[in-house]
Amino acid sequence: MIIDSHVHYGKNSPWGDFSPEYLLDIMGEDVNIAICSNLEGLYSKNEYDCNMDMLEVTRKYPKLKALAVCEPHLAEDESVIRFFLENYPEFIGLKLHPECMKLAADSEKYNKYLRLAQEFKKPCLYHSGHIKSRFSSPELIYKKAQEFPDVPIILGHLSTGPRESHIRAIDIIIESIEKETATLYADVSWIDSSFTQLSETLDDTLYFIERLKNTSKGDYTNRIMWASDAPVGDMNQKRELYLQNLNIFKKRVMEYFNDETLLSNLLANNAKQLYSPG
């Protein structure tokens, strides 16, 4: 089984217009499940319309599992997202994008959504940006995560930016494990990628896995998941490139660790355990 733990569809995004069918065609039969959000919630639709559309899409295409897009910069309260979580088990987590919302990740406006996540036992996928971002840096997300230590919070992309940004994000996750201050996860989308291709070496990804394998509390490689961020980025918009980059990931993990169980966990089991997507 393969689960892509970070994908989207939607119109009017800075990266283009992407239908659910387009996304499914990119992944083909190689991916069994994709954890998906609707980009329109960040640019053109309110919480209700965005997530109702997401609900309809996931019912039409069961391979796509829904994250409820949250708009703390616009919504007066959490009632819309509560409505979806109470009535539609199709929503397996929450999606938050501090960078697009231009709302710093440590703002109190996130609290109402994190309390919902706590109540309904749902993980929250955040876009995590450059370590110096004033909206979505891993530092800011970690600061808020410490206020809700039992809520699983995923650093989507582990941060964007150069190697030093990745290393700082890795240090943050290891610290959260060692000190038991937060429950942080990460996905690997963009860690070793340019806009057009995945690095053949995967230096930062392999370093991250190695750090998680060797914490003072044991093996915590359950905290990392494979993901593409499709269809964002040229390399995620054609099936042949998407598959090529998936195969590079498989190849390098096996060359470095020679551990099929680890690879299976990274590709599917960790996401399945966290999200219980069915």
Side-chain angles (χ1 to χ4, degrees), residues 1-7 26-35 63 125 128 131 138 154-178 184-275 277:
M1 171 178 279
I2 295 178
I3 297 176
D4 190 333
S5 61
H6 193 157
V7 304
I26 292 167
M27 296 185 295
E29 298 303 315
D30 301 290
V31 172
N32 304 93
I33 291 173
I35 297 170
K63 180 183 286 191
L125 172 58
S128 65
I131 197 67
I154 305 102
L155 300 182
H157 327 306
L158 187 70
S159 82
T160 54
R163 180 175 175 81
E164 56 264 30
S165 193
H166 302 152
I167 298 304
R168 180 61 191 130
I170 291 169
D171 288 342
I172 285 170
I173 291 179
I174 298 301
E175 177 184 312
S176 74
I177 293 168
E178 300 283 7
L184 295 181
Y185 291 71
D187 70 51
V188 303
S189 59
W190 298 113
I191 297 179
D192 290 290
S193 303
S194 67
F195 200 67
T196 57
Q197 63 183 350
L198 185 65
S199 165
E200 292 282 351
T201 61
L202 266 66
D203 291 339
D204 292 355
T205 298
L206 297 176
Y207 171 73
F208 183 27
I209 297 169
E210 189 70 42
R211 291 282 304 275
L212 288 170
K213 280 178 67 71
N214 294 286
T215 78
S216 68
K217 296 182 179 298
D219 187 333
Y220 271 76
T221 51
N222 67 307
R223 298 292 184 89
I224 181 173
M225 298 169 285
W226 181 76
S228 69
D229 204 33
V232 176
D234 293 348
M235 73 174 195
N236 287 324
Q237 294 179 18
K238 293 182 180 179
R239 186 188 299 183
E240 59 269 26
L241 292 178
Y242 179 97
L243 181 58
Q244 177 186 3
N245 288 300
L246 173 57
N247 287 334
I248 288 172
F249 180 85
K250 294 178 181 178
K251 177 175 178 288
R252 286 298 291 136
V253 169
M254 284 304 295
E255 285 176 348
Y256 194 90
F257 294 104
N258 191 29
D259 186 337
E260 291 186 2
T261 298
L262 171 64
L263 181 60
S264 295
N265 290 341
L266 298 175
L267 290 175
N269 295 335
N270 292 346
K272 190 171 185 180
Q273 182 180 34
L274 176 62
Y275 285 105

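This chain uses plain numbering: 1 for the first residue, then up along the sequence.
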Requested in this report: Please check if the side chain of Asp187 supplies one atom and the backbone of His157 the other of a donor-acceptor pair under 3.5 Å.
Outcome: yes
**Report entry** Validation row: Leu198, Gln244 side chains within 4.5 angstrom (heavy atoms)
**Finding:** no
Requested in this report: Using a 4.5 Å cut-off on heavy atoms from C-beta on, say whether the side chain of Ile174 contacts that of Glu178.
Outcome: yes
Report task. Write down the atom of Leu263, the atom of Lys250, and the distance for their closest heavy-atom approach. Result -> CD1-CA, 4.0 Å
Requested in this report: Measure the CH2-CG distance between Trp226 and Leu266 for me, rounded to the nearest 0.5 Å.
Outcome: 11.5 Å
Query raised in the report: So which heavy atom on Ser193 is nearest to which on Met235, and how close?
Result: OG-CE, 3.4 Å
Report task. Give, for atom CG of Leu184 and atom OG of Ser128, the distance between the pair rounded to the nearest 0.5 Å. Result -> 10.0 Å
Requested in this report: Let me see the working for Asp171 and Arg211 under side chain to side chain contact (heavy atoms under 4.5 Å, CB included), right down to the final yes or no.
Outcome: CA-CA 9 Å; Asp171 288 342; Arg211 291 282 304 275; 3.0 Å; yes
Query raised in the report: Are the charged groups of Arg252 and Glu255 less than 4.0 angstrom apart, N to O?
Result: yes
Requested in this report: Would you check, one step at a time, whether the test side chain to side chain contact (heavy atoms under 4.5 Å, CB included) holds for Thr221 with Asn265?
Outcome: CA-CA 8 Å; Thr221 51; Asn265 290 341; 5.5 Å; no
Query raised in the report: Closest approach of Arg239 and Ile26, non-hydrogen atoms and distance?
Result: CG-O, 3.1 Å
Query raised in the report: How far does CG of Asp229 sit from CG of Asp4, to the nearest 0.5 angstrom?
Result: 8.5 Å
**Report entry** Worked verdict on His166 versus Phe208 for side chain to side chain contact (heavy atoms under 4.5 Å, CB included)
**Finding:** CA-CA 9 Å; His166 302 152; Phe208 183 27; over 6 Å; no
**Report entry** Flag side-chain contact, heavy atom, 4.5 Å: Asn270 against Tyr185
**Finding:** no
**Report entry** Criterion side-chain contact (heavy atoms from CB on, under 4.5 Å) against Ile131, the qualifying member of Pro162, Ser159, Pro138
**Finding:** Pro138
Query raised in the report: Of the non-hydrogen atoms in Val188 and Ala227, which two are nearest, and what is the gap between them?
Result: CG2-N, 3.7 Å
Query - Reported CD1-to-CZ distance for the pair Ile173 and Arg168, which is rounded to 0.5 angstrom - result: 11.0 Å
Query raised in the report: Just wondering, do Ile248 and Leu202 contact through their side chains at under 4.5 Å, heavy atoms?
Result: yes
Requested in this report: Please report the closest heavy-atom contact between Trp190 and Val232, naming both atoms and the distance.
Outcome: CZ2-O, 3.2 Å
Requested in this report: Flag yes if more than 12 heavy atoms outside Glu240 fall under 6.0 Å of its CD atom; otherwise flag no.
Outcome: yes
Report summary line: On a heavy-atom basis, the closest approach of Lys63 and Gly28 is NZ-O, 2.8 Å
Query - Value rounded to 0.5 Å, distance of OG1 in Thr205 from CD1 in Ile170 - result: 8.0 Å
Query raised in the report: Hey, does the side chain of Asp192 reach the backbone of Ser199 with a donor-acceptor pair shorter than 3.5 angstrom?
Result: no
Query raised in the report: Got Ile224 and Ile209 here, is their nearest side-chain heavy-atom distance under 4.5 Å?
Result: yes
**Report entry** side chain to side chain contact (heavy atoms under 4.5 Å, CB included) evaluation trace for Leu212 with Ile177
**Finding:** CA-CA 9 Å; Leu212 288 170; Ile177 293 168; 3.7 Å; yes
Query raised in the report: To the nearest 0.5 Å, how far apart are OH in Tyr256 and CG in Asp203?
Result: 9.0 Å
Report task. Answer whether the closest heavy-atom distance between the side chains of Ser228 and Val7 falls below 4.5 Å. Result -> yes
Requested in this report: Determine the sole option in Ile33, Ile3, Ile154 for which the side-chain contact (heavy atoms from CB on, under 4.5 Å) test with Tyr275 is passed.
Outcome: Ile154
